[in-house]
Structures are given as structure tokens and as C-alpha cells.
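Letters A, B, ... mirror the listed sequences (proteins, then strands); counts begin at 1. Because only heavy atoms are used, hydrogens play no part in the values below, and waters and symmetry mates are left out as well, while side chains stay in.
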Protein chains: 2
Amino acid sequence: MGRKAEISQEELIAGLSRVFRDAGYEGASLSLLEAATGLKKASLYHRFPKGKEQMANEVLESAQQWLEEQVLRPLHGSAPPKARIDAMVKRLDQFYSGGKQACLLNMLSSSRIHEGPFSKSIRKMFEAWVDALSAVARDAGADAKTAQWKSQRVIMLLQGSLVYSRGIGSTQPFRRFLKSIPSELLPSEGVAAS
Amino acid sequence: MGRKAEISQEELIAGLSRVFRDAGYEGASLSLLEAATGLKKASLYHRFPKGKEQMANEVLESAQQWLEEQVLRPLHGSAPPKARIDAMVKRLDQFYSGGKQACLLNMLSSSRIHEGPFSKSIRKMFEAWVDALSAVARDAGADAKTAQWKSQRVIMLLQGSLVYSRGIGSTQPFRRFLKSIPSELLPSEGVAAS
DNA sequence: GTCTATAGGAAGATAGAC
DNA sequence: GTCTATCTTCCTATAGAC
């Protein structure tokens, strides 16, 4: 076991993640992954024997873990709805670098690799996220159906604002969306829960 | 000049478009493009001497033309706001095959090809679309700022609903979004314009 | 655990027959 | 205008030295 400046597992995944997020699965060539991690192809294969697909899978798992710990857990907490939402907004702003970084769930859901080895994880993440948001909306007084609907809208607006921001070359739509999240999920003025 | 069952320019572009829309730029290999069009690589190069990038460009131009003729023109028309919106909804449903087909503006805006030969077209299409929607919202009584805001939301929801639909493997979010467009753009009950 | 070197194949692109 | 055949480059993946 060598010592020296071996790259940490965390930094490694972070580097790979950056590439997958802005090039997509097919666009993420081993050369780009080399450049982003500072590791040579052969070294990447040492850590990920099953190659690029395994790299993408571990990046996705890492994102899943981040989502659960940093977003879903706070959302399911017992703080007031507004506080839970504010916590999520803060994390999202960091995670997407204020709108400059794309979402893995978008970038990995096309990959023509036999209809998708990532599909299942992606679907589960979307569903868990919507569920967590629904819980907040219900706690804020919405009925189940309304809560679900509002939550799906927030997820769609998140994805859409990232696509739109990238498309027009400005992070403004994403940042505006972040600020609008509370009003998307919480009841409008004067509507109190029972 | 041979006769026979030569593929029409329209069908050709349609075939290429399908591939770019569900595989993205990097994922759209010449083999896939061959399969989708029935033309061999060399024949594709005969029609598109600059190769794949030109194919993507012409597909994008064709989408732009579709957008202008089928969506922007009706939106800028003189029919009642609700009718103009309904016309757009109908076209969108066809164009995205009820949510089964992705949007070029999303799928082509990552391509790592020197920061994007498509960026300019994509930005212009987004902007033109938002402008057209804004015109409708203003005609329905919204002030300029509100109209712009609502229009951007519709575009984000469109993109987001497609991403989300693909992610969870169901077209339901897209179809629900389509039905919600009028209420997104038009003033809510009882709020009359001056 | 990381590297250089290279195998093996698929990708984008071209030449030239028909 | 379309094809088969070929070229070159890039990609994924492996072998083996250190």
C-alpha cells in the first residue's frame, strides 16, 4: 500500500461525476475521465474493474446517498415545513453550483446502453424525492393529491430550470426557481390547515 | 439521377431527428443513423458533406422551422388567447409523441463539441418561444413582467416534464402538464384585466 | 496502486465502382 | 445517389513493469 498524494475516493467520485454531468454517459470518454481525476485509464480500471458503466453506477449511487442524507432526511424531519424547504434549497444551490451543473438524472437517462442500466436507480430517486416533498406539503396543510401534484411540479421545474438555464446560457432561471420553491409547496396566503 | 424509392428529404431529417432526440449528439453514432434512415454512411456523407455535425445542424434547423410555423405563428396570431394555447398544446402532443420523445433543445445542449455549435440556435429558439408565450399572456391581461415569468415557467415545465417522464418511465407527467398549460398562462378565475 | 504500452474494435470520414 | 471497401482516429479495455 503506497502512501503519497493518493486521490481520495470522495474526490475521485466527484471528478467522475463532473464529467458525467456535463457530457452525459456516451460523451464521458475515458480521456475526459482521466483528465478530471488525474488518474490514468489503467488506474481507473483498477478501481472500477467493470469500466465506465461501473463508474457511472458508483457516481449515481453516490448521488443517491447525497440525496438521501442531504435532502430527503431533512425533508422528512420534524422542523417546520418552511425550514425544511429552506434547508433543501441551500443544498440544491450548492449541488448544482447555482445552476451551472446539470443533473445526473437527466444526463444519464438517455444512455442507449441496452435501454438503461441506470433506469431503475433514476426512477427510484425521482419517486423518493417526490414522496419527501409530498410529506412536507401535507404537513403544511395540503391534501394528499394536491401535495403530490405540487411536489411533481417542483421536480419538473428543477429539471426544467436546469435545462433552460443551460440552453440560454444563464443561471438566472435556476436561481429564480430556487427562490420560488416555498411558494410552490406551501399554501398560498390565508389558507390555513385544519 | 436514379428514380426508385429514394428517401425524401423530409423522411431523412425525420429519421436523423429520432436518433438525435433519443441518443443525444455523442450517442448518435453513424450506425444508428444508418439504421434509422436506411441510407449507408457514404450516402449520408453525400448529402451532408460535413458529417454528423451538419446532420445535427440541419435537424435543428428543421425543428426551428417547425417551431416557427406550427407553434410561434399560431401563438402570435389574433385568435383568442385560449384558442392559441390549445393549438400549441395539440402540436406539442404530436411533436413529442405524447411524451415519449425527448426535446432536441435538451439533448443537443450538452455536446462537448468545443462548447457547442448548437448553443446559439438553441438559445434563440428558447427566447423566441418565451416571447411568443409572453405575447399570449399579455393579450390575456397579464403585465409584461408577469407574462414573461409565466412563459418561462411553461417552458421549464415542458422540459422538466419530459425529463421526469423519461426518468420514471411514464408519459403521465407530460400529459398532465399539457392539460395544465392554459391555467399556467391565463389569469386565474375572477381576475380581469383593466 | 499507478503507470506505459498496446491490443482490439467501433467511431467518423473518404475513395471509387456502379 | 447509393453502394462496398477502406482509412484513420478515437475509444474501451488489458497486460505487465514498477
Side-chain angles (χ1 to χ4, degrees), chain A residues 1-20 22-60 107-108 110-118, chain B residues 1-20 22-60 107-108 110-118:
Chain A
M1 10 21 200
R3 65 243 80 114
K4 229 8 182 347
E6 282 171 11
I7 190 175
S8 76
Q9 185 72 2
E10 242 182 40
E11 291 172 315
L12 179 52
I13 295 289
L16 298 177
S17 182
R18 233 174 304 123
V19 177
F20 283 115
D22 68 50
Y25 184 78
E26 344 278 345
S29 69
L30 290 189
S31 314
L32 285 175
L33 296 168
E34 266 188 339
T37 57
L39 284 184
K40 295 297 184 184
K41 298 184 223 294
S43 305
L44 289 172
Y45 271 91
H46 176 74
R47 300 212 189 183
F48 305 95
K50 286 191 295 181
K52 201 168 90 164
E53 186 171 333
Q54 186 181 0
M55 298 182 213
N57 261 315
E58 296 200 14
V59 162
L60 201 51
M107 300 308 284
L108 291 183
S110 56
S111 52
R112 289 298 84 199
I113 198 167
H114 81 278
E115 217 60 15
F118 314 122
Chain B
M1 12 17 206
R3 63 243 84 114
K4 222 29 179 327
E6 282 172 14
I7 188 173
S8 76
Q9 185 74 359
E10 242 182 40
E11 291 171 315
L12 179 51
I13 295 287
L16 299 177
S17 182
R18 233 175 304 121
V19 177
F20 283 114
D22 70 50
Y25 185 78
E26 344 278 345
S29 69
L30 289 190
S31 314
L32 285 175
L33 296 168
E34 267 189 338
T37 57
L39 284 184
K40 296 297 183 184
K41 298 187 224 293
S43 305
L44 289 172
Y45 271 89
H46 176 73
R47 301 212 189 183
F48 306 95
K50 285 191 295 180
K52 202 167 90 164
E53 186 171 332
Q54 185 181 1
M55 298 181 211
N57 260 315
E58 296 200 15
V59 163
L60 202 51
M107 301 307 284
L108 291 183
S110 57
S111 53
R112 288 298 85 197
I113 198 167
H114 82 279
E115 216 63 12
F118 314 122

- Message: Between Glu34(A) and Lys41(A) (side chain of the first, backbone of the second, donor and acceptor by atom type, cut-off under 3.5 Å), is there such a pair?
- Response: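 Confirmed, Glu34(A) side chain pairs with Lys41(A) backbone.
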- Item | Worked verdict on Tyr45(B) versus Leu30(B) for side-chain contact (heavy atoms from CB on, under 4.5 Å) | CA-CA 10 Å; Tyr45(B) 271 89; Leu30(B) 289 190; 3.5 Å; yes
Nearest whole Å is fine: how far is [N] [atom2] from [X] [atom1]?
X: Leu44(B); N: dG12(C); atom1: CG; atom2: C1'; answer: 12 Å
X: Phe48(B); N: dG1(D); atom1: CZ; atom2: C1'; answer: 13 Å
X: Glu53(B); N: dA11(C); atom1: CD; atom2: P; answer: 19 Å
X: Lys41(B); N: dG16(C); atom1: NZ; atom2: C1'; answer: 18 Å
X: Met55(A); N: dC11(D); atom1: CE; atom2: P; answer: 13 Å
X: His46(B); N: dA17(C); atom1: NE2; atom2: C1'; answer: 15 Å
X: Lys50(B); N: dG12(C); atom1: NZ; atom2: P; answer: 17 Å
X: Gln9(B); N: dG1(D); atom1: CD; atom2: C1'; answer: 13 Å

- Search all heavy atoms of Ala23(A) against all heavy atoms of Ala28(A) and return the closest pair with its distance.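 Nearest pair, atom of Ala23(A) first, then Ala28(A): CB-N, 4.0 Å.
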Please check the phosphate of [N] (OP1 and OP2 only) for any side-chain N or O of [X] closer than 4.0 Å.
X: Ser31(A); N: dC11(D); answer: yes
X: Lys40(A); N: dT2(C); answer: no
X: Ser43(A); N: dG1(C); answer: no
X: Tyr45(A); N: dA13(D); answer: yes
X: Ser29(A); N: dC11(D); answer: yes

- Message: Between Leu60(A) and Phe20(A), is there a side-chain heavy-atom distance shorter than 4.5 Å?
- Response: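 Counting from C-beta outward, Phe20(A) and Leu60(A) never come under 4.5 Å.
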- Taking the side chain as C-beta and beyond, is there a heavy-atom pair between Ser29(A) and Glu26(B) under 4.5 Å?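 No. Closest side-chain heavy atoms not under 4.5 Å.
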- Query: Start at the 5' end of DNA chain D and walk down; is the nucleotide closest to Pro49(A) or to Ala42(B) reached first?
  - Reply: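 So the residue in question is Ala42(B).
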- What does Lys52(A) touch in the nucleic acid at a heavy-atom separation under 4.0 angstrom: a base, only the sugar-phosphate, or nothing?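 Answer is sugar-phosphate: Lys52(A) comes under 4.0 Å of backbone atoms only.
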- Query: Can you tell which of dT2(D), dC3(C), dA13(D) lies closest to the side chain of Arg47(B)?
  - Reply: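 Given the options dT2(D), dC3(C), dA13(D), the side chain of Arg47(B) is closest to dT2(D).
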